[in-house]
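The structure under discussion appears below in the form of structure tokens.
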Amino acid sequence: MIILDKRVEAVRLALVMVGLPARGKTHMARRIERYLRWLGYKTRTFNVGNYRRERLGSHQPHRFFDPENVEGREARREVAMAALEDMLGWFAEGGEVGIYDATNTTRDRRSLLAERMRAHGLTVVFVESVSDDEALIEANIRQTKLHMPDYAGMDPDAAVRDFRARIEHYESAYETVQEDEGSFIRVIDVGRMVVAHRVQGYLPSRLVYFAMNLHVAPRSIWLVRHGESLFNVDDRVGGDAGLSEAGKRFAGELASHVRALGIDRRDVRVWTSTLRRTRETAAPLGLRTEEWRALDEIDAGDCDGMTYDEIRTRMPEEHAARREAKLTYRYPRGESYLDVVRRLEPVIVELERERRPVLIVAHQAVLRALYAYLMDRPQKEVPYLPIPLHTVIRLTPITYGCEEERVALC
Ligand code: F6P
């Protein structure tokens, strides 16, 4: 892992989720996992529910979860321990951040887990999701739980009743995380309020900040590469050229496309880079735009302004090195894709925080990195993701990812 300069020692962090069913734990675990993977940390989630379904079958009635049911309790303990052992094995092979996703609602269970984890040299942070917001819980049950294999083929209302009974079993034994249990981040009502207790170190602190900005409000994000520039026409990298005639036409069509979307345009945030080609593309929209330096194209350093052919013939070693390892290759006195990912982190946090639709007009390398985050694509794919000119990419977050729509305009 190379991303965060502030790292002085190896990261071995266990995030232990805590909370009643339908409080968005898995959702939060997945968001954290996506964020950390995008930043380059070896991150993996161990979902105890999946272990239960695999080992004991999916159709367990709510009585199985009753803390008074000795057999059920023992079976649940066994699957929890199996997931824990797998997680410890994964850390032994070089894992960096393990997310242990289960209810972990009792102090006993948490202390059992934390002791084992700490004995393996892991830093443990509990991430507790708390909510009494009935609408949120109901939405969560209907949107995610009813689609679980546990309720496949069952009448939805009967499934909701069963799931609510399951929640009641957990409620009867639930003990919120106490200060003497160690570090914790408590997220209330999906980020309305966040409490952090003894959260130390660079990465755990970043996670507090990230958790503070999460929300589940539906909205779209548009990723648009600037219209064709005069440099694109010549196949030159970098620079600060204006738009070609075709690029200007695209800018006009983009404005019509956005008008035809039927959304309140005053509500849309438009972000561009500081470079001419993105500003000229956004201008016909007639909306207030915000310029981000962080959205500027990958800095090609000494190669800025050259064509790909010129780089190949005049700097063959550079050309070969880039072909060999495009993700980590850094242009002489310029940037690598990993550098781009790192400088985009504040953009990602702002994107997570923002509840309004966001239209981002930027550049190929930058949009590849943003797209990889939103679509949860592996870091190694980033430099090759297709982000064509004159194509509007609309991403709409759904339960555990984003729905994608691409429209080629001209
Ligand atoms: O060619 C247009 C461009 O935006 C260049 O300015 C930039 O260097 C390049 O795309 C990034 O794409 P790649 O990493 O594939 O060269």
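Here, residue 1 is the first one in the sequence, and each next residue gets the next number. Only this structure's heavy atoms are used, side chains among them; waters, hydrogens and symmetry mates stay out. Both ligands and their constituent atoms are indexed starting at 1 by order of listing.
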Any idea which protein heavy atom is nearest atom 10 (O) of ligand 1, and the distance to it? Q364 NE2, 3.0 Å

Could you identify the single nearest non-hydrogen protein atom to atom 8 (O) of ligand 1 and state the distance to 0.1 Å? V237 CB, 3.5 Å

Any nitrogen or oxygen of H363, main chain or side chain, under 3.5 Å from a nitrogen or oxygen of ligand 1? no

Under 3.5 Å, N or O to N or O, is Y331 touching ligand 1 that way? no

Inter- and intrachain pairs under side chain to side chain donor-acceptor pair (under 3.5 Å), touching residues 17-26, at least two apart: T26-D101

Distance-only polar pair, side chains of D235 and T307, donor-acceptor under 3.5 Å: no

R225 to ligand 1: N or O pair under 3.5 Å? no

Nitrogen or oxygen atoms of R236 and ligand 1 under 3.5 Å apart: no

Answer yes if the side chains of R37 and Q379 hold a donor-acceptor pair under 3.5 Å, and no otherwise. no

N/O separation below 3.5 Å, G238 to ligand 1: yes

With a 3.5 Å cut-off and no angle check, do the side chains of R406 and T391 form a donor-acceptor pair? no

Please state which part of D235 comes within less than 4.0 Å of ligand 1, counting heavy atoms only: side chain, backbone, both or neither. neither

A365 backbone acceptor or donor facing E297 side chain under 3.5 Å: yes

Look at the aromatic rings of F163 and Y151 and report parallel, tilted or perpendicular, splitting at 30° and 60°. perpendicular

In the protein, which heavy atom is nearest to atom 16 (O) of ligand 1, and how far is it? Y308 OH, 2.5 Å

Return the closest protein heavy atom for atom 7 (C) of ligand 1 as residue, atom name and distance. E297 OE2, 3.4 Å

Pairs of nitrogen or oxygen atoms closer than 3.5 Å, one from K326 and one from ligand 1: do any exist? yes

Contact atoms of ligand 1, heavy-atom distance to N232 under 4.0 Å: 2 (C)

Could you tell me whether R322 sits above the aromatic face of Y329, with NZ or CZ closer than 6.0 angstrom to the six-membered ring centre and within 45 degrees of the axis? no

Is the contact between F231 and ligand 1 made by the side chain, the backbone, both, or neither, using heavy atoms and a 4.0 Å cut-off? neither

If you count the atoms of ligand 1 from 1 in the order shown, which ones are under 4.0 Å from a heavy atom of R368? 12 (O), 13 (P), 14 (O), 15 (O)

What atoms of ligand 1 come closer than 4.0 angstrom to any heavy atom of R322? 13 (P), 14 (O), 16 (O)

Test side chain to side chain contact (heavy atoms under 4.5 Å, CB included) applied to I263 - qualifying residues, sequence neighbours left out: W222, L261, V268

When the ring planes of Y35 and Y373 are compared, do they come out parallel, tilted or perpendicular, using 30° and 60° as the limits? perpendicular

Quiz question: by atom type and distance under 3.5 Å, do the side chains of S183 and Q200 form a donor-acceptor pair? no

